[in-house]
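To keep things clear, I will list the structure first and then write my remarks on it.
Only this structure's heavy atoms are used, side chains among them; waters, hydrogens and symmetry mates stay out. From a predicted model like this one, the values you see are computed outputs, not experimental measurements.
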Amino acid sequence: MTSKQVTAPTVKLNNGREMPVLGLGTWLSKEGEGVDALKAAIDAGYRHIDTAYFYQNEKEVGQAIREKIAEGVIRREDIFVTTKLWNTYHHPDHVQQAFEKSLENLDIEYIDLYLMHTPMGYRYKGWTPEDLMPYDLDGKLEFSDVDYVDTWKAMEQLLKTGKVKSLGVSNFNSEQITRLLSECEFKPVTNQVECSPGLNQRPLTAFCKEHDITLTAYSPLGRPNYYEKDPENVPKPALDDPRVAEMAKKYGKTPGQIILRYLIELGTIPIPKSSNVDRIRQNIDIFDFKLTEEEIKVMDGFHTGKRSVPFSLCLNNKYYPFNVEF
């Protein structure tokens, strides 16, 4: 496998800042594995890294970035780092503290993009890893009734500190975004949602585009290690389909590269997660070919609308986002 460095193009956000159109996801990347994978990613050309307080790996992400800055491979301003406000910290009184904890964990001067991880608040317990999923005695997840609009308004205050450059949302539906836009001062620059050939998010992408909001695609390859084990609802990944293998052969690429190229052509910003160095390099090497209209139609055919990450523990949350069409 080549170790050439690839530079992803950037997209201009609605606040004038630039974000690379492909990033590295880090969900389930832990400890040393995460640091090594990230350093390899930066060497391969990645300049967009996505983490979250909930992933409990912000320290590793920050360490890898600082080491690469120290080596002279990048400057801080070359790299775009996203992290997220977790659901237990939606109360306006907790937002700044949660942000400061992420900033301290990362230790990289400022955060490029801070997302609200979901529109759904959970009961606040505290700041230990055990407090992030507050279950009651019956094993049910406990919610808070904090309105995500109030959470967003508290996030907007962070912009005034200069320690965060852009704000966005994750797992929001079009109605929730519409409500934010009508009640808030700053519009989100992105909505990060599950998006793959099996759930291609065309309507939500078009809606976001209308409002000058980008759509960031998590689990773009169809989530090989499912977070929620529900084989009935797991979309059959395009990754294993012979038609995708045929396209891969035609372009001298892998099926994963074909899928990521498809999502780029839909106008989304994929953030594939991998700890495998060869795969990390492959995933960014998708800017030297384009799919034909016919091939895009084939890829569109994988769409089932089924989710790998349905947040099924949250079905009773009043802000559960997935009961509307998009």
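- For the 3.5 Å distance criterion, the side chains of S308 and E194 qualify, holding a donor opposite an acceptor.
- Between E294 and the options T292, I296, L291, a side-chain contact (heavy atoms from CB on, under 4.5 Å) holds for only T292.
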Under 3.5 Å donor-acceptor pairs involving side-chain atoms of residues 14-23, not counting sequence neighbours:
unit_1, atom_1, unit_2, atom_2, d
N14, ND2, P188, O, 2.9
N14, ND2, D212, O, 2.9
N15, OD1, R17, N, 3.1
N15, ND2, K165, O, 3.4
N15, ND2, S166, OG, 2.9
E18, OE1, T10, OG1, 2.5

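- Side chains of D288 and Y251 form no contact here, defined as non-hydrogen atoms less than 4.5 Å apart.
- The backbone N or O of F326 lies less than 3.5 Å from a partner atom in the side chain of S174, making a donor-acceptor pair.
- Shown here are the salt bridge (Lys or Arg N to Asp or Glu O under 4.0 Å) partners of K187, two or more places apart in sequence or in another chain: there are none.
- Using modelled atom types, one finds a donor on one side chain and an acceptor on the other under 3.5 Å when comparing T128 with D131.
- A donor atom on one side chain and an acceptor atom on the other are not found under 3.5 Å apart for T178 and E175.
- Using modelled atom types, no side-chain atom of T88 and backbone atom of L132 make a donor-acceptor pair closer than 3.5 Å.
- Remark: R243 does not engage E295 in a salt bridge, criterion side-chain N to carboxylate O under 4.0 Å.
- Here the side chains of L24 and K273 are not in contact, with every heavy-atom distance at 4.5 Å or above.
- Note: F99 and Y114 meet the aromatic proximity criterion, with ring centroids under 6.0 Å apart.
- For the pair W86 (side chain) and Y55 (backbone), a donor-acceptor distance under 3.5 Å is absent.
- By the criterion of side-chain heavy atoms lying less than 4.5 angstrom apart, applied directly or through intervening Ile, Leu, Val, Met, Phe, Trp or Tyr residues, M116 is grouped together with V193 in one hydrophobic cluster.
- Test N316, L313, L315, N317 against L141 for side-chain contact (heavy atoms from CB on, under 4.5 Å) and you get one pass: L313.
- Between the Y46 side chain and the L38 main chain, no donor and acceptor come within less than 3.5 Å of each other.
- The backbone N or O of I213 lies less than 3.5 Å from no partner atom in the side chain of H211, so there is not a single donor-acceptor pair.
- Under a 4.0 Å N-O distance rule, the pair R261/E265 qualifies as a salt bridge.
- A salt bridge between K163 and E100 is present, with a side-chain N of the basic residue lying under 4.0 Å from a carboxylate O of the acidic one.
- How far OG1 of T118 is from CZ of F322: 8.5 Å, rounded to the nearest 0.5 Å.
- Side-chain N or O atoms of N283 include none that pairs as donor or acceptor with a backbone N or O of I280 at under 3.5 Å.
- Between the side chain of S219 and the main chain of G222, no donor-acceptor pair closer than 3.5 Å is present.
- Shown are R281, K68, Q5; of these, the side chain to side chain donor-acceptor pair (under 3.5 Å) with D43 is made only by K68.
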**Study point:** side chain to side chain donor-acceptor pair (under 3.5 Å) assessment of N173 paired with E325
**Key:** CA-CA 8 Å; N173 66 37; E325 193 189 340; over 6 Å; no

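- A cation-pi arrangement is present between R76 and Y110, with the terminal nitrogen or guanidinium carbon under 6.0 Å from the aromatic centre and inside a 45° cone about the axis.
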Exercise for review: Decide yes or no on ring-ring contact (aromatic ring centres under 6.0 Å, His included) for F143 and Y319, but give the supporting numbers first.
Suggested key: CA-CA 10 Å; F143 304 128; Y319 296 123; over 10 Å; no

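- Taking 4.0 Å as the cut-off between side-chain N and carboxylate O, K153 and D147 do not count as a salt-bridged pair.
- A distance-only check finds a donor-acceptor pair linking the side chain of T304 to the backbone of G198 [under 3.5 Å].
- The closest side-chain heavy-atom distance from Y53 to L85 is not below 4.5 Å.
- Residues Y89 and W127 bring their aromatic ring centres within 6.0 Å.
- The main-chain N or O of D285 is found under 3.5 Å from a side-chain atom of K253 such that the two form a donor-acceptor pair.
- For R123 and Y135, the positive end is not near the middle of the six-membered ring at less than 6.0 Å and at most 45° from its axis.
- Side-chain polar atoms of Y218 and D50 form no donor-acceptor pair below 3.5 angstrom.
- A salt bridge is defined here as a Lys NZ or Arg NE, NH1 or NH2 lying under 4.0 Å from an Asp or Glu carboxylate O, and K297 with E293 fails to meet this definition.
- If you chain together hydrophobic residues whose side chains sit under 4.5 Å apart, Y148 and V146 never meet in one group.
- A salt bridge links E67 with K39: the distance from a Lys NZ or Arg NE/NH1/NH2 to an Asp or Glu carboxylate oxygen falls below 4.0 Å.
- Counting only distance, with no hydrogens or angles, the side chain of S170 and the backbone of K84 share no donor-acceptor pair below 3.5 Å.
- Partners of D136 according to the salt bridge (Lys or Arg N to Asp or Glu O under 4.0 Å) rule, which considers only residues two or more places apart in sequence or in another chain, do not exist here.
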